[in-house]
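Per chain, numbering begins at 1; letters A, B, ... match sequence-line order. The structure displayed is predicted, hence computed values, not measured ones.
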Amino acid sequence: MAKDFPTREENYSQWYNDLVIKADLAESSAVRGCMVIKPYGYSIWEKMQAALDKMFKETGHQNAYFPLFIPKSFFNREANHVEGFAKECAVVTHYRLKNSPDGKGIEVDEDAKLEEELIVRPTSETIIWDTYKKWIQSYRDLPILINQWANVVRWEMRTRLFLRTTEFLWQEGHTAHETKEEAIKETEQMLNIYAEFAENWMAIPVLKGTKSPNERFAGAIETYCIEALMQDGKALQAGTSHFLGQNFAKAFDVKFLSKENKLEYVWATSWGVSTRLMGAIIMAHSDDKGLVLPPKLAPIQVAIVPIYRKEEQLEQITEKVKPIIEALTKRGIRVKYDDRNTYKPGWKFSEYEFKGVPVRMAIGPRDLENNTVEIARRDTLEKDILQITDIDLKIEHLLEKIQDNLYQKALSFREDNTFKVDTWDEFKKVVEKGGFILAHWDGTAETEQKIKDETKATIRAIPLNEYFEEGKCILTGKPSKQRVYFAKAY
RNA sequence: CGGGAUGUGGCGCAGUUGGUUAGCGUGCUGGUCUGGGGGACCAGAGGCCGUGAGUUCGAGUCUCACCAUCCCGACCA
């Protein structure tokens with residue numbers, strides 16, 4: 001399977017591409033820019049979905065489903081929104097095929113042209129707000145707290161597995177509120193849920209902040225984001241939560257009668273994370289030996305490999321292993337007992353290592369004599385011989401330790417790669433090294449653009465309630481009241 | 001859409017100034033020995049050499065066109 005693949009040092013992006021394919025997470029498909037998510041990769045996504053879905057429901061949200069297709073006219077309603085998405089929309093123009101005259105193939109039936117073209121959703125604000133209009137008359141209909149799990153299509157010019165694909169899977173929350181305050185609170189709440197998920201489940205520390213106008217969601221008043229730092233020093237936007245103000249309510253004429261019997265526009269939010277999180281998880285933790293998965297999201301947490309020569313030895317081992325599997329399963333630990341005799345132990349070791357399984361347990365004749373097992377942890381590659389007594393407890397603790405270690409490692413990496421910078425020369429130098437740069441900015445879009453043009457670094461986040469201090473813009477020297485995070489980004 | 005590269009068994013590649021039977025590694029099938037870090041040997045299966053047109057006695061190899069993929073830019077979660 002994956003004998004030689006490049007180190008991160010040699011070629012980071014090749015390393016990433018090979019990892020995704022050789023760890024069996026996904027592959028590219030016959031359709032340009034679209035990927036097939038393979039069972040092992042999809043299983044990780046399902047774990048993410050389950051955890052997030054639970055968090056959404058715990059905060060009062062419900063799931064629903066809206067159409068894949070959006071009438072073209074809906075897009076015109078919100079000016080910024082159209083402008084933001086127009087360049088990357090797939091459009092359905094016909095609804096029928098016919099046999100071609102030469103009889104050799106099939107072609108679009110020009111007689112079956114749609115009167116109004118349909119846009120394949122790049123995001124669902126428009127169709128949802130058109131629907132909410134029907135649902136909302138009174139303050140008693142509010143709030144509406146809905147999430148949908150869906151696929152969306154954005155016609156990107158360059159794609160990379162998980163990080164940027166033409167079609168991707170995500171969840172999009174769309175909420176409607178009586179007041180501005182309530183909507184902002186919702187936006188912030190969801191940002192915090194994303195951050196909590198990233199840190200507790202994915203073991204990735206994230207910065208929380210808002211976006212500069214340049215980076216803001218098309219149609220939003222304010223975009224909040226979580227940003228993570230990858231091992232190559234580039235930032236990855238891992239989730240966004242938007243305060244939409246009354247922009248969509250006005251565009252789709254969604255009003256409600258308040259308690260004071262006044263007709264008012266509804267306040268809105270939307271928020272989403274996508275299969276891009278898969279890219280984050282891969283790049284944050286993995287090493288030159290392959291994938292490293294945080295235990296909480298690993299499809300297999302413990303792989304058990306029997307070592308034997310004769311059939312009867314395997315039987316003995318299996319008998320020994322049975323109660324271990326049972327005890328682990330009881331604790332909610334996902335175990336795979338790999339007794340395939342079509343592969344050798346060494347081969348299995350490599351495979352589980354490459355696929356990032358957090359803990360490997362090997363058990364052979366020597367262990368049977370001593371009542372032990374060999375435990376290897378993926379994050380540190382350490383091996384240990386443990387007594388079988390209370391092995392389930394020991395492994396449970398080990399998994400927690402691995403989860404924690406991955407987070408701490410990622411955190412100290414970020415700390416080591418975050419720099420306060422006060423001069424333009426230094427800024428240009430540090431940008432080359434990668435990492436986050438905390439620097440002053442004069443708050444204008446022009447300056448941000450210039451910085452981007454010269455260094456490729458953009459403002460990743462404007463910190464929330466942090467780094468308020470008098471300073472001078474890194475580029476223009478104009479006064480600034482707060483440092484912001486710059487980085488090159490995915 | 002610009003610049004660069006590549007299309008040859010499933011995957012990764014070699015194939016000389018055109019020359020007849022297109023190889024190698026890996027994977028695959030069967031077998032024997034094996035088994036605590038990707039095992040060894042034996043025997044097999046598997047190719048319209050990206051597509052189309054041309055040059056030639058003869059094309060994987062030369063010419064042209066097209067298609068596809070990858071990398072670098074402009075666009076983006």
Side-chain angles (χ1 to χ4, degrees), chain A residues 1-5 11-14 17-18 21-22 24 27-33 83-89 122-123 151-172 194 211 214-218 220 223 225-228 235-242 270-280 289-290 303 305-311 313-314 317 339-355 360-370 372-376 381 383 385 452-453 456 458 460 489-490:
Chain A
M1 53 167 301
K3 272 211 169 114
D4 40 22
F5 87 116
N11 189 341
Y12 192 85
S13 68
Q14 191 66 42
N17 291 340
D18 284 11
I21 287 164
K22 289 177 178 161
D24 231 12
E27 62 189 34
S28 51
S29 71
V31 186
R32 182 198 177 84
E83 203 192 321
F85 285 104
K87 284 165 289 182
E88 49 187 18
C89 284
T123 179
N151 58 339
V152 286
V153 167
R154 296 181 188 176
W155 215 264
E156 302 290 351
M157 297 186 186
R158 282 188 66 186
T159 58
R160 292 191 71 190
L161 295 173
F162 290 120
L163 296 173
R164 177 165 298 109
T165 45
T166 300
E167 178 192 18
F168 58 95
L169 305 183
W170 76 344
Q171 62 62 221
E172 46 179 328
Y194 288 154
K211 284 293 185 192
N214 282 0
E215 300 273 324
R216 196 176 283 155
F217 176 74
T223 287
C225 63
I226 54 171
E227 291 278 330
L236 183 79
Q237 179 173 303
T240 49
S241 181
H242 314 290
S270 68
W271 28 273
V273 295
S274 72
T275 35
R276 185 178 232 203
L277 291 179
M278 294 287 294
K289 289 182 178 297
V305 178
I307 291 150
Y308 61 96
R309 288 170 205 236
K310 297 178 196 127
E311 220 25 60
Q313 282 178 318
L314 175 60
I317 292 167
D339 60 354
R340 289 177 296 176
N341 65 1
T342 45
Y343 292 95
K344 308 281 190 251
W347 193 94
K348 294 175 186 173
F349 288 3
S350 301
E351 160 151 302
Y352 292 121
E353 191 166 275
F354 201 85
K355 288 186 154 190
R360 183 192 74 226
M361 182 190 296
I363 176 163
R366 284 208 300 267
D367 297 302
L368 288 183
E369 274 174 38
N370 303 327
T372 56
V373 288
E374 184 200 71
I375 297 292
L381 298 168
K383 283 194 272 196
I385 307 287
K452 185 180 178 183
D453 292 344
K456 292 191 180 151
T458 50
R460 300 321 304 156
Y490 275 97

Value in whole Å for how far the [atom2] atom of [N] lies from [atom1] of [X]:
X        : N     : atom1 : atom2 : result
A:Arg160 : B:G73 : CZ    : P     : 11 Å
A:Met361 : B:G36 : CE    : P     : 19 Å
A:Tyr490 : B:A77 : OH    : P     : 16 Å
A:Phe217 : B:A77 : CZ    : P     : 9 Å
A:Ile385 : B:G37 : CD1   : C1'   : 14 Å
A:Trp347 : B:G39 : CH2   : P     : 10 Å
A:Asn214 : B:C75 : CG    : C1'   : 14 Å
A:Gln14  : B:C70 : CD    : C1'   : 9 Å

Nucleotide pairing, RNA chain B (Watson-Crick or G-U, distances under 3.5 Å), in dot-bracket with [ ] and |: (((((((..((((.....[...)))).((((((.....)))))).....(((((..]....))))))))))))....

If only side-chain N and O atoms of [X] are considered, is one of them under 4.0 Å from the OP1 or OP2 phosphate oxygen of [N]?
X        : N     : value
A:Arg32  : B:A68 : no
A:Arg276 : B:A77 : no
A:Asn11  : B:C71 : no

For [N] and [M], measure between their [atom1] atoms and round to the nearest Å.
N     : M     : atom1 : value
B:G27 : B:C11 : P     : 15 Å
B:C64 : B:C57 : C1'   : 23 Å
B:U69 : B:G12 : P     : 15 Å
B:G44 : B:G58 : C1'   : 33 Å
B:A45 : B:U63 : P     : 36 Å
B:C1  : B:A74 : C1'   : 9 Å

Step-by-step side-chain contact (heavy atoms from CB on, under 4.5 Å) determination, A:Ile317 to A:Leu368: CA-CA 7 Å; A:Ile317 292 167; A:Leu368 288 183; 3.9 Å; yes

Does a salt bridge link [X] with [Y], judged by any charged N lying under 4.0 Å from a carboxylate O?
X        : Y        : value
A:Glu215 : A:Arg460 : yes
A:Lys22  : A:Glu27  : no
A:Arg340 : A:Glu351 : yes

Taking donor-acceptor contacts at under 3.5 Å, does the side chain of [X] reach the base of [N]?
X        : N     : answer
A:Glu353 : B:G37 : yes
A:Lys456 : B:G73 : no
A:Asp367 : B:G36 : yes
A:Lys344 : B:G39 : yes

[X] side-chain proximity, nearest of [options]:
X        : options             : answer
A:Met157 : B:G36, B:G37, B:C75 : B:C75
A:Thr165 : B:A77, B:G36, B:G35 : B:A77
A:Gln237 : B:A77, B:G38, B:G36 : B:A77
A:Arg360 : B:G36, B:A77, B:G37 : B:G37
A:Tyr343 : B:G38, B:G36, B:C28 : B:C28
A:Arg309 : B:G35, B:G37, B:A77 : B:G35

Atom pair OG1 (A:Thr275) and CD (A:Glu167), whose distance is rounded to the nearest 0.5 Å: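 Spacing of OG1 (A:Thr275) from CD (A:Glu167) equals 9.0 Å.
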
Rounded distance (nearest 0.5 Å) linking atom CD1 of A:Ile226 with atom OG1 of A:Thr240: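 Reported value, rounded in 0.5 Å steps: 9.0 Å.
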
Touch class at under 4.0 angstrom, heavy-atom based, for A:Leu163 against every strand present: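 Counting heavy atoms under 4.0 Å across all strands, the contact made by A:Leu163 includes a base.
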
Quiz item: cation-pi between A:Arg154 and A:Phe168, 6.0 Å / 45°: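 No; the conditions do not both hold, so A:Arg154 does not lie above the ring face of A:Phe168.
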
Near-ring test A:Phe354/A:Phe349, centroid separation under 6.0 angstrom: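 No.
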
Any side-chain heavy-atom pair of A:Thr458 and A:Asn214 under 4.5 Å: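 The answer is no, as the side chains (C-beta and beyond) never meet within the 4.5 Å cut-off.
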
